[in-house]
Amino acid sequence: DAGITQSPRHKVTETGTPVTLRCHQTENHRYMYWYRQDPGHGLRLIHYSYGVKDTDKGEVSDGYSVSRSKTEDFLLTLESATSSQTSVYFCAISRGHSYEQYFGPGTRLTVT
Amino acid sequence: DAKTTQPTSMDCAEGRAANLPCNHSTISGNEYVYWYRQIHSQGPQYIIHGLKNNETNEMASLIITEDRKSSTLILPHATLRDTAVYYCIVRREQSNQGGKLIFGQGTELSVKP
């Protein structure tokens, strides 16, 4: 257990509405990540952070923004949700000398 | 990061060893082999990783061939709770991206009674 929580765990929202997902960690790790998982695509990296206010894009970043104002929180925002963003979202942190990643429980987002 | 190839699915009898293969023929000298698994509806779980020597921990063993072009994850006594999708990932141990992972499709392991 790497002390990672995600909120909310489930959310249903309408197309065009903004949505923010939160990832919270309790162990002060530097690196944090947001992935999405869809059938047939496995896990794909959306954005990651390598410190407070330091973020970068992953392979599927279009339509998403992130913020990290505190070490413990990494927020993922969908400015205007679309049906293609219906997915399961996982947050992760890196720890250990080899930067193994540890994942949160996931957030299931449905955009109708 | 090098691409990996894994079988789509495998079966294993409960109590027997599960041997999951992975091909990574384009692996570079500074790239490690990592294994993760994902039990249904849960987040992925780190299992083990290695560079060129065989590795063992409380969960599994990792056997890497001498030429490093393939590896095998071994679960010595598979249980029903080991039913999951297993991902083999190759990447540099440390980079300025903090170890970004690229997941393939993985192997769906079914452990049967």
Side-chain angles (χ1 to χ4, degrees), chain A residues 1-7 9-10 21 23-25 29-52 54-61 68 71 74 87-108, chain B residues 1 3-9 22 27 30-53 55-60 62 64 71 73 84-109:
Chain A
D1 184 3
I4 305 168
T5 57
Q6 293 184 232
S7 59
R9 295 293 313 281
H10 301 271
L21 308 183
C23 177
H24 179 79
Q25 56 141 330
H29 298 293
R30 179 183 175 192
Y31 290 95
M32 298 184 75
Y33 309 80
W34 276 108
Y35 292 85
R36 61 178 288 175
Q37 185 169 34
D38 306 290
H41 286 280
L43 283 99
R44 293 178 291 173
L45 181 66
I46 305 171
H47 282 279
Y48 64 98
S49 170
Y50 45 96
V52 173
D54 291 324
T55 65
D56 206 347
K57 296 178 180 180
E59 58 183 313
V60 289
S61 59
R68 190 156 178 215
T71 298
F74 191 31
S87 188
V88 180
Y89 292 86
F90 289 101
C91 172
I93 59 94
S94 284
R95 74 179 189 191
H97 69 281
S98 298
Y99 290 86
E100 306 93 84
Q101 290 191 15
Y102 294 84
F103 289 76
T107 293
R108 183 173 295 276
Chain B
D1 294 329
K3 182 178 178 180
T4 62
T5 304
Q6 300 177 251
T8 302
S9 63
C22 180
I27 192 170
N30 63 349
E31 289 181 318
Y32 286 66
V33 180
Y34 286 76
W35 283 85
Y36 286 76
R37 74 180 182 184
Q38 187 173 24
I39 297 170
H40 182 62
S41 297
Q42 298 182 20
Q45 177 188 22
Y46 166 78
I47 302 173
I48 198 168
H49 77 282
L51 180 62
K52 54 183 179 181
N53 297 322
E55 302 287 345
T56 296
N57 63 19
E58 65 279 3
M59 290 183 67
L62 174 60
I64 302 174
S71 60
L73 179 74
V85 178
Y86 288 77
Y87 297 98
C88 171
I89 300 168
V90 172
R91 69 161 175 86
R92 288 169 294 170
E93 182 183 43
Q94 181 176 343
S95 72
N96 61 358
Q97 296 174 333
K100 182 174 66 172
L101 296 176
I102 298 175
F103 286 82
Q105 296 303 308
T107 295
E108 187 167 2
L109 176 68

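Quick note on labels: first sequence line is chain A, next is B, and so on, each numbered from 1.
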| remark: Applying side chain to side chain contact (heavy atoms under 4.5 Å, CB included) to Asp54(A) and not counting sequence neighbours gives Tyr50(A)
| said: Is Gln37(A) in contact with chain B via its backbone, its side chain, both, or neither, using a 4.5 Å heavy-atom distance? | reply: side chain
| task | Run the numbers on Tyr33(A) and Leu101(B) for side chain to side chain contact (heavy atoms under 4.5 Å, CB included), then give the verdict. | result | CA-CA 10 Å; Tyr33(A) 309 80; Leu101(B) 296 176; over 6 Å; no
| said: To the nearest 0.5 Å, what is the distance between CD1 on Ile102(B) and CZ on Arg44(A)? | reply: 12.5 Å
| Among the listed options Ser41(B), Gly43(B), Pro44(B), the residue most often paired with chain A at heavy-atom distances under 4.5 Å | Pro44(B)
| Heavy-atom distance under 4.5 Å to chain A: side chain of Gln42(B), backbone, both or neither? | backbone
| Side chain, backbone, both or neither: which part of Leu43(A) has a heavy atom under 4.5 Å from chain B? | both
| task | Take Phe90(A) and Gln38(B) through the test side chain to side chain contact (heavy atoms under 4.5 Å, CB included) and record every step on the way to the result. | result | CA-CA 12 Å; Phe90(A) 289 101; Gln38(B) 187 173 24; 3.6 Å; yes
| request: Decide if atom CD of Glu108(B) counts as having more than 12 heavy atoms of other residues, nucleotides or ligands within a radius under 6.0 Å. | output: no
| remark: Of all heavy-atom pairs linking Gln101(A) and Tyr46(B), the shortest is O-CB, 3.8 Å
| task | Taking all non-hydrogen atoms of both residues into account, name the closest pair between Arg91(B) and Glu100(A) and its distance. | result | NH2-N, 4.4 Å
